[in-house]
Protein chains: 2
Amino acid sequence: MASVSLRRAARISAILELLAENRSLNASELALEFGVSAATLRRDLQMLEDQKLLSRTHGGALAHDVAYELPIRYRGGRERDKKRLIAAKAAKLLPHGPLTVGFSGGTTTSEVARIISDRVDVTIVTNALNIAADLALRPRLKVILTGGVTRPQSYELVGALAEQTLRDLHIEVLVCGVDGITASTGLTTHDEVEAHTNRTMIQRSKRIIVVTDGSKVGRTLLARISPVDVINDLVTDSSADETELEYLRAAGVRVHIVADPGESD
Amino acid sequence: MASVSLRRAARISAILELLAENRSLNASELALEFGVSAATLRRDLQMLEDQKLLSRTHGGALAHDVAYELPIRYRGGRERDKKRLIAAKAAKLLPHGPLTVGFSGGTTTSEVARIISDRVDVTIVTNALNIAADLALRPRLKVILTGGVTRPQSYELVGALAEQTLRDLHIEVLVCGVDGITASTGLTTHDEVEAHTNRTMIQRSKRIIVVTDGSKVGRTLLARISPVDVINDLVTDSSADETELEYLRAAGVRVHIVADPGESD
DNA sequence: CGCGAAACGCGCATATACGAGCAATTGAGA
DNA sequence: TCTCAATTGCTCGTATATGCGCGTTTCGCG
């Protein structure tokens, strides 16, 4: 399976990945590794330089000041399947009929957004650049993006501008991704300005569904978004700590667990 | 309506299934496996790409979620070279030092944005989703995106929300793409709500640089953005109609022409 | 400072893939 | 059964990806 000759797109992505780890790389070594001629590899590097994703040097390339990790965050097959299951479950929680649904940033929320993009009767509100870019292509969907300053690490729009935009919007159901959740400290994330924007989004929403994989349950991070009593549902997987889930249930959160094989309801 | 044959439906779902497992597919192998011609399989892939379920590459296809992250948008051919020259010239018109630059949507403006993405001292304001997504990877750059409703055709954010966001911003230099420009009717574009948003952006800007290829010069389209007297510079190529350019100069526009070989200043 | 090796850019050649149009075939409904 | 649209395969001209060769540039080392 690994012997499949990599086509260009795969090479490009591999190059970017390598560049994220080592700050520089050697062209001839790479050519050997990929099994292509030096000319081809040079062309790849040339193209990436055109996109300003790296600087070429003699014999290789140097990393640019770019968040390379971001584009490749979908690695890890099993992880992704888990997120998909969570997303599918969350999508089922959304009511039928015309609906305004909000999405915060995060990989799991993006999956949910993709799933419901089939629907023709929903309006999407989000501060996630990748979700908007993805859904903007579907002409039948109305996608509203908040303004704001881009945060490279998460592709989210944050800041006063984002919050000001949200002030005029009302969201019926919000699908919210978090980096940590406990019954005692609530929803938390790494960045405090992101937390603030997410809090605003929560305040503008009538119903909150939190999606997050099990590893985040019981975890507390730097910035608090909100206490748990504002949220209605939590969708996570079976790796979540059971004790913490019990606390959350006691706090009034409807907890939905998806299992690895497949859950009915 | 259009009934899909059983065979085809089966093929399509098989393709999607395979794509979910492996992130990429080889077209010719698939054709062999299904026992259909390459042309048929290409049509299948084409159809799935139209539905945004995957991204095609040469010789196969990539899962959509993998692809939208990669810089697989280096298409454009000769047209693109011309736009690049225009973009390079426009970028040179930007003053040195700290600066707030605005960008409207359009392929040429996107090129300008990419060129200046090296600079560390600029703040970018834009309503173009693709520009923001591109530049969001650069941690040293401050990128502000207006809010608004996405327009699938142009990747721009438009509408009242966008204009409200712009009200609080001041742009020093705006790089603006248009679909038509004449001295008599001014700047025009296809869509009237897009025109309105662009007009707002122009009003918030101190200096306006219009970039557009020569074919748009002398052309008038449905929706007027603004008369020409608000703009300071026009950058276009030598295919522009000389008479119209003369009118524009007479109207006070500084006209910059890039030639196919290479222009000094 | 000069020299050789490696890397580079450019042009050419080739295999594969692509899109559009046309013809044959299939299949579903009247 | 008959008809018509959908599906499929084929061909042809074009585009893309890749490799190779050659003259030039750059880098490292004595």
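In what follows, chains are A, B, ... by sequence order, proteins preceding strands, each numbered from 1. We use all heavy atoms of the structure for the numbers below, so side chains are in, but hydrogens, waters and symmetry mates are not.
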- Query: How long is the line joining CZ of Arg43(B) and C1' of dC18(C), in whole Å?
  - Reply: 12 Å

- Query: Taking the side chain from Thr185(B) and the backbone from Thr182(B), do they hold a donor-acceptor pair closer than 3.5 Å?
  - Reply: no

- Task: Indicate whether OP1 or OP2 belonging to dT18(D) is found under 4.0 Å from a side-chain N or O atom of Arg11(A).
- Result: yes

- With a non-hydrogen cut-off below 4.0 angstrom, is Arg8(B) in contact with a base, only sugar-phosphate, or nothing? sugar-phosphate

- Between Asp44(A) and Val36(B), name the one whose nearest nucleotide on DNA chain D is closer to the 5' end. Val36(B)

- Message: Looking at Asp44(A) and Arg11(A), is there a salt bridge between them, counting it only when a charged N and a carboxylate O are closer than 4.0 Å?
- Response: yes

- Would Asp134(B) and Lys52(A) pass as an ion pair if we require N to O under 4.0 Å? no

- Looking only at dG9(D), dG19(D), dG19(C), the nucleotide nearest the Gln46(B) side chain is dG19(C)

- Query: Short question: side chain of Asn22(A), backbone of Leu25(A) - any donor-acceptor pair under 3.5 Å?
  - Reply: no

- Message: Tell me if a side-chain donor or acceptor on Glu156(B) pairs with a main-chain N or O of Gly105(B) at a distance below 3.5 Å.
- Response: yes

- So, Ser104(B) versus Asn198(B): side-chain donor-acceptor pair below 3.5 Å or not? no

- Output yes when Glu172(B) and Arg207(B) qualify as a salt bridge under the 4.0 Å nitrogen-oxygen rule, no when they do not. no

- Message: Within the supplied structure, the quantity of interest is the number of heavy atoms (other residues, nucleotides, ligands) at a distance under 6.0 Å from Arg56(A) CZ; does it exceed 12?
- Response: yes

Would you list the protein and nucleotides 1-3 of chain C atom pairs, both N or O, that sit under 3.5 Å from each other?
none

- In degrees, rounded to 10°, what is the bend between the two ends of the helix from dC1(C)-dG30(D) to dA30(C)-dT1(D), using five pairs at each? 40°

- Quick one: the side chain of Arg7(B) and the base of dG27(C), do they pair up donor-acceptor inside 3.5 Å? no

- Would you find more than 12 non-hydrogen atoms of other residues, nucleotides or ligands less than 6.0 Å from Arg140(B) atom CZ? no

- Judged by atom type as modelled, is there a donor-acceptor pair below 3.5 Å linking the side chain of Thr40(B) to the main-chain atoms of Val36(B)? no

Atom pairs under 3.5 Å: protein N/O with N/O of nucleotides 15-17 of chain C:
unit_1  : atom_1 : unit_2   : atom_2 : d
dA17(C) : OP1    : Ser28(B) : OG     : 3.2
dA17(C) : O3'    : Gly59(B) : N      : 3.1

- Please state how far atom CG in Leu32(A) lies from atom C1' in dG19(D), giving the value in whole angstrom units. 15 Å

- Has the side chain of Arg199(B) got a donor or acceptor atom that lies under 3.5 Å from a matching backbone atom of Arg224(B)? yes

- Item | Side-chain N,O (Thr40(A)) to OP1/OP2 (dG19(D)) below 4.0 Å | yes

